[in-house]
Asker: 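Here it is, the structure, as structure tokens.
Proteins get letters first, then strands, A, B, ... in listed order; numbering begins at 1 in each. The figures that follow rest on heavy atoms only: side chains count, while hydrogens, waters and symmetry mates do not.
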Amino acid sequence: AQTVTQSQPEMSVQEAETVTLSCTYDTSESDYYLFWYKQPPSRQMILVIRQEAYKQQNATENRFSVNFQKAAKSFSLKISDSQLGDAAMYFCAYTTGANSKLTFGKGITLSVRP
Amino acid sequence: DTEVTQTPKHLVMGMTNKKSLKCEQHMGHRAMYWYKQKAKKPPELMFVYSYEKLSINESVPSRFSPECPNSSLLNLHLHALQPEDSALYLCASSQYKSPGETQYFGPGTRLLVL
């Protein structure tokens, strides 16, 4: 069975600094998709970034980038120039796409210090 | 427009009540999902509808009854719930055209069962 592990329950970062959120996963599939979702205190879950496993290039979206290490089954999220609005719970998620089921990690709560 | 709407935002019900949650999207998505989320936990998949047919039921108790009247609308009918069913109920949708598509989440309905 596929599993997604986020081992750090909480992290804190100073505003304008860079922070990296860790995620590892376990799968026997060769073709799959990875996501980072953000859920601010207002609760709406929004997509931060998406990575296709067959693409070697790491996905980036403005201040957000991933370090995708397929052999190590690692998918970390780097947030550059952290802003107060980045404070949220972040979930790493995985799918093979075969049945649209998302497997989520436990999540990490990120706080941003002004 | 990547908006999924959910009503009501909050719901309080007794264990003998019958109520319904509503989810709507106008993005032309053909897959819709119900998730249950407890505080500080990841969402748990309950049901998946694809092309208005129930494709996944994650062994959810029969007191939860989903319905997909058309491609834009998803309902969750609630009857004889238990206090442990109190949670945030999230709806999501995706295109269902290719593997690994992004799921877009609504803001959720906060349910309290007394």
Asker: Would the number of heavy atoms belonging to other residues, nucleotides or ligands and lying under 6.0 Å from CD of Q82(B) be above 12?
Answerer: yes
Asker: Quick one: do Y35(B) and L102(A) satisfy side chain to side chain contact (heavy atoms under 4.5 Å, CB included)? Show the steps, please.
Answerer: CA-CA 11 Å; Y35(B) 289 87; L102(A) 274 176; 4.0 Å; yes
Asker: Name the option with the most non-hydrogen atom pairs under 4.5 Å to chain B; the candidates are L47(A), D31(A), T103(A).
Answerer: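 Result: the option with the highest number of such pairs is L47(A).
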Asker: Is there a continuous path of hydrophobic side-chain contacts, each under 4.5 Å between heavy atoms, that joins L111(B) to W34(B)?
Answerer: yes
Asker: For K73(A), look at atom NZ and say whether over 12 heavy atoms of other residues, nucleotides or ligands are found less than 6.0 Å away.
Answerer: yes
Asker: If I measure from the heavy atoms of chain B, does T109(A) come under 4.5 Å with its side chain, its backbone, both, or neither?
Answerer: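 Interface part for T109(A): side chain.
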Asker: Hey, which residues of residues 6-24 of chain A are touching chain B, say heavy atoms under 4.5 Å apart?
Answerer: none
Asker: Enumerate the residue pairs fulfilling disulfide (SG to SG under 2.5 Å) with a member in residues 8-70 of chain B, sequence neighbours excluded, ordered by first and then second residue.
Answerer: C23(B)-C91(B)
Asker: Going hydrophobic residue to hydrophobic residue with side-chain gaps under 4.5 angstrom, can you get from L21(B) over to Y49(B)?
Answerer: yes
Asker: Not counting sequence neighbours, list each pair that qualifies as a salt bridge (charged side-chain N to carboxylate O under 4.0 Å, His left out) and has a residue in residues 43-61 of chain B.
Answerer: K101(A)-E58(B), R30(B)-E52(B)
Asker: Under a 4.5 Å heavy-atom cutoff, which of P43(B), A31(B), S94(B), G106(B) has the most pairs with chain A?
Answerer: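 Between P43(B), A31(B), S94(B), G106(B), the count favours P43(B).
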Asker: Distance from F105(B) atom CZ to I46(A) atom CD1, nearest 0.5 Å?
Answerer: 12.0 Å
Asker: Same cluster or not: are M32(B) and V60(B) linked, directly or through other Ile, Leu, Val, Met, Phe, Trp or Tyr residues, by side-chain heavy atoms under 4.5 angstrom apart?
Answerer: yes
Asker: How many angstroms lie between OG1 in T95(A) and CD in Q103(B), if you round to the nearest 0.5 Å?
Answerer: 7.5 Å
Asker: At their closest point, which heavy atom of G105(A) faces which heavy atom of P42(B), and how far apart are they?
Answerer: O-CB, 3.2 Å
Asker: Would a single hydrophobic cluster contain both L76(B) and L11(B), if residues Ile, Leu, Val, Met, Phe, Trp and Tyr are joined by side-chain heavy-atom contacts under 4.5 Å?
Answerer: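 Linked within one cluster.
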Asker: Side chain to side chain contact (heavy atoms under 4.5 Å, CB included) between Q39(A) and Q37(B): does it pass, once the steps are laid out?
Answerer: CA-CA 12 Å; Q39(A) 190 174 35; Q37(B) 187 181 26; 2.8 Å; yes
Asker: Taking everything shown except Q57(A) itself, do over 12 heavy atoms lie less than 6.0 Å from its CD?
Answerer: no
Asker: What residues of residues 80-91 of chain A sit under 4.5 Å from chain B when only non-hydrogen atoms are counted?
Answerer: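 The list, in residue order, reads M89(A), F91(A).
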Asker: Report yes or no: do I49(A) and I79(A) belong to one cluster of Ile/Leu/Val/Met/Phe/Trp/Tyr joined by side chain heavy-atom distances under 4.5 Å?
Answerer: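 Yes, same cluster.
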Asker: What closest approach, in Å, do G100(B) and F35(A) show between heavy atoms, and which atom pair accounts for it?
Answerer: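 Taking G100(B) first and F35(A) second, the nearest heavy atoms are O-CZ, 3.4 Å.
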Asker: With a cut-off of 6.0 Å (strictly less than), are more than 12 heavy atoms of other residues, nucleotides or ligands near CG of N70(B)?
Answerer: yes
Asker: Does the side chain of Y37(A) come within less than 4.5 Å of T102(B)'s, by heavy atoms?
Answerer: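 Heavy-atom side-chain distance check passes, below 4.5 Å.
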Asker: State, yes or no, whether a side-chain contact exists between K40(B) and K106(A) at a heavy-atom distance under 4.5 Å.
Answerer: no
Asker: Please say whether more than 12 non-hydrogen atoms of neighbouring residues, nucleotides or ligands are located less than 6.0 Å from NZ in K18(B).
Answerer: no
Asker: M45(A) versus L88(B): any side-chain heavy-atom pair under 4.5 Å?
Answerer: no
